[in-house]
Amino acid sequence: MTSDFLRGHLENLLLAVLVDEPGHGYALLQRISARSGGDLVVPEGSLYPALQRLERAGLVASTWAAEGGRRRRIYRLSSAGRRRVRTAADEWKTFAAAVDRVMGGTEIRGMA
Amino acid sequence: MTQLVDDYLAELEAALRVRGPARRRFLAECREHLLDASALHGPQEAVRRFGDPTEVAHGYDVEVATRRSMRATAGSVVGAAAVAGSTLALVNAADPQADAVLVWAILFFAFAQTSAVCAVLAVLQATAMRHTAAHSADLALLHRRNLATPAFALLTMLAAGGVVPGHASPWLLLPGPVIAVVALAQVMHARHLARAVGGAAGRVVRSPIGDLLTAVGWGGEHGGVSNLEGVRLLLPAVPVAAAAAFAWSMRDHGGPGASAVDAGIEVLLLIAGFVVLGRGLGLRRGAFQGMR
């Protein structure tokens, strides 16, 4: 899936993969990739500005921590972030179902 | 770490405009990320996936500029509140026998209300911007509101000195202006980064009603209410201001006649302030202006 398509959804995806446990930037990226079966390719350079936007909105908090002998910035979901994930998930289900109703049965004649 | 990753980080560092702890934090996070990615995919693929260093640096700079501008709003409001405290100390120390000079008194109320309105506008905008992407024109507007808040507070204190001359301890009078000057410096610092990152920004009109609805989580479609600006915003404000001024004056034993005069002065000040400052504060549009 293209980076442009993903850009508007990156923040909600990051919140979704933080629900179960906190993590550093690269770990979050790997969770998105693993959960999507490799179909979602996050523009990696946009990851940290997106995480800072989420911090600005009070949806995540972060701290430095030592992990495997390395100093990592660990992100965790705030209670506001948890509420946002629930809302975003509901909105997405409604949106995806509506788009599917419009596009799901479409057949383009003359194309395999 | 391989030379390729080192070179990439050097390019990223050179492209970043933000300085200080935010810069060090970002570079440290990018370094760790590239180390992880190199171990899995090799350094060449790691830097390719991370993207063009100039674009990556720009994205981060914009985010830091937005965050600093919002923080400057808090500083600006604190600065104005500190000046208000010093102004009260000045008024309380005034000579009770001295006659208030009318022009200074009118200026005192005009400046105080302008500072308060700017503070409310800035706080509403900054709160709304927590939940939305910021454009350079929005940041420029926020900086103007942030600058006006402590600046008009300082003018209020100056006018208070003209209204009721007297003597007070410098330990009571000086902290307010000092804090306000620090706040102004913070706003200028944030403005400098935002300008460097966003370039020249056009003027934008931004409805305080729309910001209020976004701030309380009711953002989105509210028809014309959230887009009230210009005369449509001024018209409902006039009777509210007149009624408030009348009630305030009556409470101070002004009598109906004197209170009506006070209400009239308040309306004139409101309209004059709207005409003179409305465009700069993003409340009314000029030619070729957009609306957020």
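Convention: sequence-line order gives letters A, B, ...; per-chain numbering from 1. Source: prediction; values computed, not measured.
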- Would you mind checking if Glu63(B) and Arg56(A) are paired as a salt bridge, meaning a charged N to carboxylate O distance below 4.0 Å? yes

- Contacting region of Phe26(B) [heavy-atom separation from chain A under 4.5 Å]: side chain

- Which is it for Arg71(A) and Glu32(B) under the salt bridge (charged side-chain N to carboxylate O under 4.0 Å, His left out) test, yes or no, and what are the steps along the way? CA-CA 8 Å; Arg71(A) 198 162 165 264; Glu32(B) 292 302 324; over 6 Å; no

- Item | Heavy-atom side-chain contact between His24(A) and Asp36(B) under 4.5 Å | yes

- Applying salt bridge (charged side-chain N to carboxylate O under 4.0 Å, His left out), run through Arg25(B) and Glu55(A) and close with a yes or a no. CA-CA 14 Å; Arg25(B) 168 183 166 177; Glu55(A) 270 196 293; 2.7 Å; yes

- Note on the structure: If one checks every heavy atom of Leu59(A) against chain B at 4.5 Å, the contacting part turns out to be neither

- Message: Report which part of Leu12(B) has an atom under 4.5 Å of a heavy atom belonging to chain A: side chain, backbone, both, or neither.
- Response: neither

- Contact winner vs chain A - Ala37(B), Ala28(B), Ala57(B), heavy-atom pairs under 4.5 Å: Ala37(B)

- If one checks every heavy atom of Gln30(A) against chain B at 4.5 Å, the contacting part turns out to be side chain

- Tyr48(A) vs His33(B) side-chain heavy atoms within contact, under 4.5 Å: yes

- Task: Under 4.5 Å heavy-atom distance to chain B, tell me which part of Thr87(A) shows up: side chain, backbone, both or neither.
- Result: neither

- Task: State, with a plain yes or no, whether a side-chain heavy atom of Glu44(A) is found less than 4.5 Å away from one of Leu34(B).
- Result: no

